[in-house]
Every structure is written in C-alpha cells, then in structure tokens.
S.K.: 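Below you'll find the structure I mean.
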Amino acid sequence: MIIGQVSQLLLTCIGDGKARGYLCSIKQFDFIIALCATEHVLSNTVSLSKMLQGKNVDLIDYEAAKEASVVINVMKVERDDPSVWKELYERGKQLAADVDIETRIPQKAGRQQHRVNIPAETPEMYWQRAVYFPLVDHLVQELTDRLLSQEDRFLGQYLVPAKLKAFNSGVQGKLYETYKTDLSEKKDFDNEILRWQTKWSHSTEEKPVALTETLQHANPDLYPNVVTIITILQTMPVSTATPERSFSTMRRVKTYLRSTMKTERLSALALMHAYRDMPIDVEALIREFCAKKNRRLAFEFH
C-alpha cells in the first residue's frame with residue numbers, strides 16, 4: 001500500500017528526471033525487502049535509542065550497556081528463528097505484489113567483481129542471506145563495539161563531583177588502565193586525583209552533576225588528566241546527544257530564507273531556541289540593551 005502511494009506520487013512528477021530515478025529505485029524487490037527487514041530490526045532498538053539520547057544517562061551502572069545486551073540477545077534469537085524471517089519475507093512479497101514486482105533471485109555475476117554470488121535455492125533463502133543476516137550481524141557488532149566493549153571507559157563519570165564519594169582505589173586503578181595511553185605517569189595521575197577529591201570535599205559551592213558542568217569547573221593546567229578523561233568520555237555514544245541537538249537547532253534557525261545570517265546572530269538565535277524554557281529577566285535585558293549605545297529614544301523604568 002505504501003509503495004503504491006509513493007509510486008503514484010512520483011508518477012505525478014514523472015517529467016522530473018530525479019523523480020523517475022526514484023520511482024525505478026523503489027520499484028525493485030531488493031529495496032522493498034530491505035525496507036521490511038530494516039523496519040523490523042530497528043524497532044528493537046527504539047527504546048535503547050531514546051534512552052541514549054537522554055541528558056542524564058546513567059553510565060556508572062552501565063544501564064546503557066545492560067539494555068544493549070538485551071537488544072543484542074533479542075536480535076540473535078530472532079536471527080535464528082526461521083518464522084521471523086518468513087513473516088518478513090511474506091510481507092515484502094505482498095508489498096511487491098501491490099506494484100506488480102516479481103520476487104526472484106537476481107542474475108548471478110560471471111566474474112563477481114561488484115557482487116557476491118550468494119548460494120541459495122529459493123528467493124526467500126537468497127534475500128535472507130543477502131539482506132537480513134548481514135543487517136542483523138552488523139547491528140550486533142556495532143552495539144557490542146560501541147557499548148559493551150567500552151564499559152570501563154564509563155567509570156570516568158565517577159570524576160563528576162556529585163559522584164566522587166563513590167570513587168575508590170579500585171575504580172581509580174581501572175580508570176587509569178583504561179585511559180593510560182592519554183594520561184601522564186601513574187604517580188602524577190594519583191596525586192591529581194587526590195587533589196581533585198580534596199578540592200570538592202571542602203568546597204561549599206554547588207557540585208556539578210553532569211559531564212559538561214564538570215569540564216567547566218576543571219582547570220586544564222591544574223587537572224589535565226581529569227580534563228582528558230571527561231573530554232574523551234563526552235565523545236562516547238551515550239553522551240553526544242546534547243551537542244547533536246544543537247545541529248538540528250541550527251538547521252531550523254538558519255533556513256534558506258535566512259542563509260546570509262552571520263555567525264554571532266546565528267549563535268545567539270540557536271541558544272535562544274535551544275534554551276527557550278530558561279526564565280529570562282526581561283527588565284534586566286532591556287537595561288543592558290539600553291546601556292549598549294547612546295540612543296535617541298529615552299527609556300524609563302518604574
């Protein structure tokens with residue numbers, strides 16, 4: 001049904017060369033079966049993806065890694081369950097039938113320069129081996145490499161001042177072994193950690209609870225190893241959602257009709273859009289605005 005609707009939409013634009021190309025692309029069985037397989041496989045990762053985009057993801061308890069293990073196990077079970085693929089294949093066949101597309105094994109390449117001749121007796125077996133298995137195996141490998149194999153790196157969250165009470169010698173040893181290629185000598189690292197703990201144990205100011213806030217309070221000249229660990233940790237997949245949101249904000253602010261906007265104005269509007277829920281003292285803002293230049297208009301405040 002969906003393929004048919006898209007086809008009708010593209011047919012109305014058939015005079016356009018791109019529309020014709022898109023139409024030919026989607027009216028292929030490899031596209032349809034890949035669409036069905038991808039939709040099903042990625043549906044297992046929706047909850048994990050939403051959790052990873054949260055601002056306060058718990059890295060210390062490996063919540064992300066635990067959920068990734070669950071998703072991986074689900075994928076492996078479904079990969080070995082023939083009924084799952086059979087249902088996906090039947091759905092793909094139905095979508096293909098709606099637009100009169102034949103389900104068959106593609107013609108084999110003679111010299112195999114650009115395509116592997118996957119051995120299969122039936123179209124169902126071919127597309128399972130050509131599309132479904134590689135997709136599931138790739139996602140399992142990516143989740144394992146990015147989350148499960150990086151668990152010890154998440155211990156860097158113990159350096160957040162609000163969590164320093166739970167920092168102990170065991171965590172300190174694992175942390176150094178994990179990041180040692182980017183850190184100074186062990187003795188210097190231990191001394192720096194001791195100073196970092198002492199600094200926040202006697203501090204009366206409010207302790208940061210997030211990685212970004214911690215980085216703002218860490219002087220790179222005094223605590224270079226702490227800054228290094230926090231910086232690396234912020235590049236991990238469970239901690240990049242916030243900066244990535246700023247890219248989406250900039251796309252909404254700088255439209256094609258405002259493409260000549262300069263950097264300073266773009267940054268200001270992006271910040272206002274991203275933190276639009278933050279309360280603003282309007283009177284203080286007006287006073288600052290009025291004090292910037294000598295203006296002809298006289299402002300009075302009561």
Side-chain angles (χ1 to χ4, degrees), residues 1-54 64-109 112 114-148 237 241 244 248:
M1 184 65 179
I2 297 177
I3 301 296
Q5 291 175 348
V6 175
S7 299
Q8 291 298 325
L9 179 61
L10 290 175
L11 283 173
T12 61
C13 307
I14 201 62
D16 188 350
K18 288 186 177 180
R20 187 182 297 107
Y22 293 148
L23 178 61
C24 294
S25 297
I26 68 172
K27 294 184 70 174
Q28 299 290 333
F29 188 71
D30 56 350
F31 173 84
I32 295 175
I33 195 63
L35 184 67
C36 293
T38 304
E39 187 274 335
H40 173 75
V41 173
L42 293 185
S43 65
N44 293 322
T45 67
V46 172
S47 299
L48 175 62
S49 177
K50 289 181 179 179
M51 186 188 71
L52 294 179
Q53 295 178 47
K66 291 177 181 178
E67 183 60 24
S69 298
V70 173
V71 173
I72 289 173
N73 290 331
V74 170
M75 289 184 180
K76 289 181 177 179
V77 170
E78 290 189 342
R79 184 188 189 278
D80 298 330
D81 187 353
S83 63
V84 175
W85 169 247
K86 186 174 183 61
E87 182 179 348
L88 290 176
Y89 184 73
E90 292 298 326
R91 181 184 175 193
K93 284 180 60 178
Q94 183 60 48
L95 289 174
D98 292 341
V99 287
D100 299 324
I101 298 176
E102 182 183 358
T103 59
R104 58 184 178 83
I105 299 177
Q107 184 179 0
K108 292 186 178 181
Q112 300 187 23
H114 305 291
R115 182 174 62 197
V116 177
N117 292 329
I118 299 174
E121 290 76 25
T122 63
E124 180 178 350
M125 184 181 298
Y126 174 86
W127 293 111
Q128 183 184 37
R129 295 175 179 177
V131 175
Y132 184 61
F133 284 165
L135 174 61
V136 174
D137 293 341
H138 175 73
L139 284 176
V140 168
Q141 188 63 43
E142 286 294 311
L143 288 173
T144 302
D145 292 343
R146 294 176 179 270
L147 293 175
L148 299 188
E244 286 175 3
S248 301

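One-based numbering along the sequence shown.
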S.K.: Could you give the distance from CD (E142) to OG1 (T144), rounded to the nearest 0.5 Å?
M.R.: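 E142 atom CD to T144 atom OG1 measures 9.0 Å (nearest 0.5 Å).
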S.K.: Heavy atoms only: give me the nearest I32-G92 pair and the separation to one decimal.
M.R.: CG2-O, 3.7 Å
S.K.: When you measure from the centre of the six-membered ring of F29, is the NZ or CZ of R104 under 6.0 Å away and within 45° of the axis?
M.R.: no
S.K.: Taking T38 for its side chain and L35 for its backbone only, find out whether a donor-acceptor pair lies under 3.5 Å.
M.R.: no
S.K.: Can E87 and H40 be counted as having a side-chain donor-acceptor contact under 3.5 angstrom?
M.R.: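 No - no donor-acceptor pair under 3.5 Å links their side chains.
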S.K.: Show the nearest heavy-atom pair for residues L95 and C36, with the distance to one decimal.
M.R.: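 In terms of heavy atoms, the two residues are closest at CD1-SG, 3.6 Å.
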S.K.: Quick one: are D30 and W127 in side-chain contact, heavy atoms under 4.5 Å?
M.R.: yes
S.K.: Assess the residue pair L48 and V70 against the criterion (side-chain contact (heavy atoms from CB on, under 4.5 Å)); give the C-alpha distance rounded to whole Å, side-chain angles, the decisive distance to 0.1 Å, and a yes or no.
M.R.: CA-CA 10 Å; L48 175 62; V70 173; over 6 Å; no
S.K.: Can you tell me how far apart CD1 (I118) and OH (Y126) are? Round to the nearest 0.5 Å.
M.R.: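 I118 atom CD1 to Y126 atom OH measures 4.5 Å (nearest 0.5 Å).
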S.K.: Provide the closest heavy-atom pair for I101 versus K27 in the form atom of the first, atom of the second, distance.
M.R.: CD1-C, 3.3 Å
S.K.: Can you give me the closest heavy-atom contact between N44 and E78, atom names plus distance?
M.R.: ND2-OE1, 3.3 Å
S.K.: Quick one: does any side-chain atom of R129 pair with a main-chain N or O of P119 as donor and acceptor, under 3.5 Å?
M.R.: yes
S.K.: Please report the closest heavy-atom contact between I72 and L143, naming both atoms and the distance.
M.R.: CD1-CB, 3.8 Å
S.K.: Got more than 12 heavy atoms from elsewhere within 6.0 Å of CD, E90?
M.R.: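 Correct, the count exceeds 12.
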S.K.: Taking side chain as C-beta onward, heavy atoms only, is V84 less than 4.5 Å from V77?
M.R.: no
S.K.: So Y132 and I33, do their side chains get closer than 4.5 Å, heavy atoms only?
M.R.: no
S.K.: Between W85 and M125, is there a donor-acceptor pair closer than 3.5 Å when you use the side chain of the first and the backbone of the second?
M.R.: no
